[in-house]
Amino acid sequence: METTTHIGVVIRLRPLLPDEISSGHINSRINCDLLNQQITLSSPDMRQYKRFQFDQILDETVSQDEVFEKCNLELLIKKVIEGFNATIFAYGQTGSGKTFTMEGYQYDNSLKPIIKNDENIGITPRIIKALFNEIQAAPSHVEHTVYCTFIQIYKEKIYDLLNPAQLKAGNLGLKLRWNKQEEFYVENLCVHPCYSPQEVLSHYHAGLKNKIMAAHNLNSTSSRSHCLLSLTIEAVDTESGGILTSKLQLVDLAGSERVSLTGNEGLALKESIEINKSLFTLRQVITTLSNIKEGDGAHVPYRDSKLTSLLKQSIGGNSFCLMVACLAASDNYYEENLSTLAYASKAIGISNDPVKNIDPKSKLVKRLRKEIKELKNELSEAYQQIDLLSELAILEKGEQAVKLKEMENLPMRSNHMQRIHALRSNLESAQSNRAQTSHSLPISPPTAPVRSRDSEMHSSFIYTPEILSNKLHESVKMIRDEMDKNRRLNEEIRELESINKNQESEISHLQNENQELQERVENVESGIKDRENEKGSIEIMKLKQEREELEKRILQLESEHKQIQTVFQPVLKEKKEKPDLGWKSKRTIVRAQSPAPRQIIAFLGERPRDSGMNFQIKNAKGRPMGRVKMDKSFESTKPESQENSLDTSIKDEAFLALSHMLYKPKRHKYQYV
Ligand SMILES: Nc1ncnc2c1ncn2[C@@H]1O[C@H](COP(=O)(O)OP(=O)(O)OP(=O)(O)O)[C@@H](O)[C@H]1O
């Protein structure tokens with residue numbers, strides 16, 4: 001059975017928490033319309049709003065019990081028992097209630113769960129119980145085993161939560177592999193067969209104690225990893241030999257985090273970055289799938305993170321999938337809630353094609369069993385035929401008719417019954433013929449060659465020992481033929497199975513090699529990226545240093561500028577009082593490489609008219625520091641002699657003062673002439 005369905009999306013709004021209320025958080029922007037399953041989010045200025053429609057809206061008042069019921073999880077479990085895969089995952093920003101929805105346990109000060117079976121237990125423990133209820137209701141000839149695994153993805157590495165050896169510091173995590181069903185799987189995971197809900201729950205609780213948790217500003221019990229509990233349900237039909245396998249994945253994602261709000265630093269900051277990175281890929285996958293049109297062939301970046309690789313079949317694949325998008329009911333989280341709603345509404349547009357998993361081996365076993373059953377039946381019928389014929393052979397003619405009548409009452413296959421009827425009617429008609437003709441007529445055995453058993457039964461109804469012996473031989477031959485056929489069939493099947501097995505191992509070997517190559521390529525790519533990043537960082541550092549130096553110089557120049565202003569005030573005043581100096585241009589003309597002298601000369605505001613004027617700069621002690629050359633490209637309306645004499649007086653005063661101010665030869669690179 002195949003059904004195309006979209007990803008189910010349920011929105012769950014958590015209430016304001018006591019410490020949020022005490023620190024003044026309010027919820028004035030989220031409005032739930034439970035009648036139409038719509039949610040409206042108003043912008044901070046309350047001028048705009050966005051409305052979204054989902055399968056189900058669960059507001060602050062909805063209890064854990066109601067979540068289970070309104071998400072229609074009983075039906076989902078039924079699908080899993082029928083052989084379909086299903087995934088439920090909680091999505092949302094940090095502190096929005098994902099773990100509460102999936103687990104429902106409180107956490108103590110050491111950030112370990114307090115396992116209690118109260119009304120607050122979440123989706124996962126409820127589903128485990130409901131799954132076993134459904135298993136118990138199955139027919140007695142179907143035997144179920146639930147295989148349980150529990151992993152966490154922490155900083156892009158996979159750890160087995162049910163294997164304490166895996167969780168030691170420095171462990172590099174488990175590898176992802178690609179199997180022949182075109183699915184990723186985690187290599188070397190501990191798989192626990194379970195036969196009761198208590199067994200699954202005990203593994204689940206043990207795993208929860210191992211997951212990585214931390215406290216930050218937005219959540220005192222924050223999950224730092226994505227946790228995936230997988231339950232593989234294997235149903236063996238002891239009557240038909242059929243095997244049905246399905247998988248139920250229960251996923252509690254770590255939440256996206258606005259680093260500025262969490263206040264995370266150091267290791268916690270790195271965790272936040274990794275969490276955000278893998279959620280970014282998840283969002284990319286959702287966006288790509290929601291935009292895909294039929295026959296598009298767009299690349300979906302499942303492989304870009306471990307999380308999306310493992311959710312490949314759940315999102316846009318062959319499973320039923322339910323996304324529980326969690327929101328925190330506080331105006332402070334407007335941006336986060338908007339983003340969650342936007343991705344949730346994209347997810348609703350993603351199509352999945354759930355496919356019933358029928359094990360190909362189980363199909364073959366089923367066919368073989370059927371064939372063997374049929375062959376056995378034929379064999380036993382053949383034996384019956386032999387018995388019948390041998391009995392008839394030693395009977396008197398009259399007794400043969402009685403025996404045939406008796407046989408009619410035996411439970412036999414219809415073709416046998418037909419034969420018996422034929423024998424019987426032939427016998428009766430022959431007897432009446434004989435009665436009509438002569439009683440002394442010798443009974444002759446049939447002379448015609450035997451063509452087929454049926455035609456023979458019609459043509460001959462009196463069995464002499466020779467005929468019966470022939471028939472016996474014929475039957476024995478037929479049985480031998482059937483048995484040979486059966487043996488050959490079995491051999492053929494065995495041969496095919498071994499070829500199949502070899503091919504499978506070859507394929508999985510190739511797939512693993514391919515996977516390794518892929519990983520190597522990824523490593524090389526990430527190495528290149530790292531090196532590029534390193535180069536970029538060095539460049540950025542250099543630029544930052546340069547910028548800092550420039551800023552320092554600007555500051556210095558500003559202060560120098562102020563000082564010069566004070567020093568040159570009298571000079572300017574004097575110049576103003578002599579308006580006919582004849583300097584036409586108001587622009588600075590000193591050619592200097594450093595901005596400092598330019599500013600200083602700019603401050604003088606004018607330049608001497610004559611060309612090639614050289615000013616000597618002296619230091620504070622009156623020693624010459626160098627000379628400044630003035631530009632010649634300007635004109636004067638005044639006679640040269642007057643200008644020159646004025647220039648010289650200003651020049652000397654100005655540059656003497658300047659030399660006092662600027663005795664910092666390293667910083668100020670004048671153009672010496
Ligand atoms: N529906 C709810 N009713 C009451 N309390 C809730 C509800 N949802 C969440 N909480 C509380 O809010 C807090 C944060 O919830 P939770 O830890 O589940 O968030 P989270 O989304 O899993 O965060 P993270 O991504 O950081 O792990 C917890 O103290 C939890 O008990």
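Residue numbers count from 1 along this sequence. Predicted model, so just to flag it, every value in this text is computed and none were measured. Atoms within each ligand, like the ligands themselves, are counted from 1 in listed order.
What sits closest to atom 31 (O) of ligand 1 on the protein, heavy atoms only, is Phe100 CD1, 3.7 Å. Looking from atom 21 (O) of ligand 1 to the surrounding protein, the closest heavy atom is Lys98 NZ, 2.7 Å. When hydrogens are left out, the protein atom nearest atom 27 (O) of ligand 1 is Ser223 N, 2.8 Å; that is the closest non-hydrogen contact. Nearest protein neighbour of atom 22 (O) of ligand 1, counting heavy atoms only, is Thr99 OG1, 2.7 Å. Scanning the protein heavy atoms around atom 11 (C) of ligand 1, the nearest turns out to be Leu17 CD2, 3.7 Å. Of all protein heavy atoms, the one lying nearest to atom 19 (O) of ligand 1 is Gly97 N, 3.1 Å.
Gly95 counts as a contact of ligand 1, since one of its heavy atoms falls under 4.0 Å from the ligand.
Met213 CE to Tyr107 OH: the interatomic distance, rounded to the nearest 0.5 Å, is 4.5 Å.
Between the side chains of Ser222 and His216, at least one donor N or O lies within less than 3.5 Å of an accepting N or O. Looking only at atom types and distance, the side chain of Glu199 has no donor-acceptor partner in the side chain of Ser202 under 3.5 Å away. Residues Glu183 and Gln313 bring no donor and acceptor atom of their side chains to less than 3.5 Å of each other.
Those atoms of ligand 1 with a heavy atom of Arg12 less than 4.0 angstrom away are 1 (N). Near Ser222, the atoms of ligand 1 lying under 4.0 angstrom from a non-hydrogen atom of the residue are 24 (P), 26 (O), 27 (O). The atoms of ligand 1 that sit less than 4.0 Å from any heavy atom of Thr221 are 17 (O). The Ser96 neighbourhood of ligand 1 comprises atoms 19 (O), 20 (P), 21 (O), with distances under 4.0 Å to a heavy atom of that residue. Counting atoms of ligand 1 from 1 in the listed order, those under 4.0 Å from a heavy atom of Gln93 are 21 (O). With ligand atoms numbered from 1 in the order given, ligand 1 contributes 25 (O) to contacts under 4.0 Å with heavy atoms of Gly255.
Salt bridge absent: Asp33 and Arg51 never bring a charged side-chain N and a carboxylate O closer than 4.0 Å. Electrostatic pairing of Lys175 and Glu187 does not count as a salt bridge here, judged by no charged N lying under 4.0 Å from a carboxylate O. Between Glu103 and Lys211 a salt bridge is recorded (basic side-chain N to carboxylate O distance below 4.0 Å).
Summarising the local packing, CG of Asn109 is surrounded by 12 or fewer heavy atoms from other residues, nucleotides or ligands at distances under 6.0 Å. Counting heavy-atom neighbours within 6.0 Å of Gln48 CD, excluding the residue itself, gives a total of 12 or less.
Counting heavy atoms under 4.0 Å from ligand 1, residue Pro15 touches it through the side chain alone. The proximity of Asn219 to ligand 1, defined as any non-hydrogen pair under 4.0 Å, is limited to the side chain. Counting heavy atoms under 4.0 Å from ligand 1, residue Thr101 does not touch it at all. Counting heavy atoms under 4.0 Å from ligand 1, residue Glu60 does not touch it at all.
The shortest N or O to N or O distance between Ala254 and ligand 1 is not under 3.5 Å. Considering both main-chain and side-chain atoms, His216 never comes within under 3.5 Å of ligand 1 through any nitrogen or oxygen pair.
Relative to the ring axis of Tyr343, Arg283 places its NZ or CZ within 45° and under 6.0 Å from the centre.
Among residues two or more places apart in sequence or in another chain, the side chain to side chain donor-acceptor pair (under 3.5 Å) test is passed with Ser225 by Gln152.
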Exercise for review: Apply side-chain contact (heavy atoms from CB on, under 4.5 Å) to Val67 and Arg12, showing your working.
Suggested key: CA-CA 9 Å; Val67 170; Arg12 186 174 199 195; 3.5 Å; yes
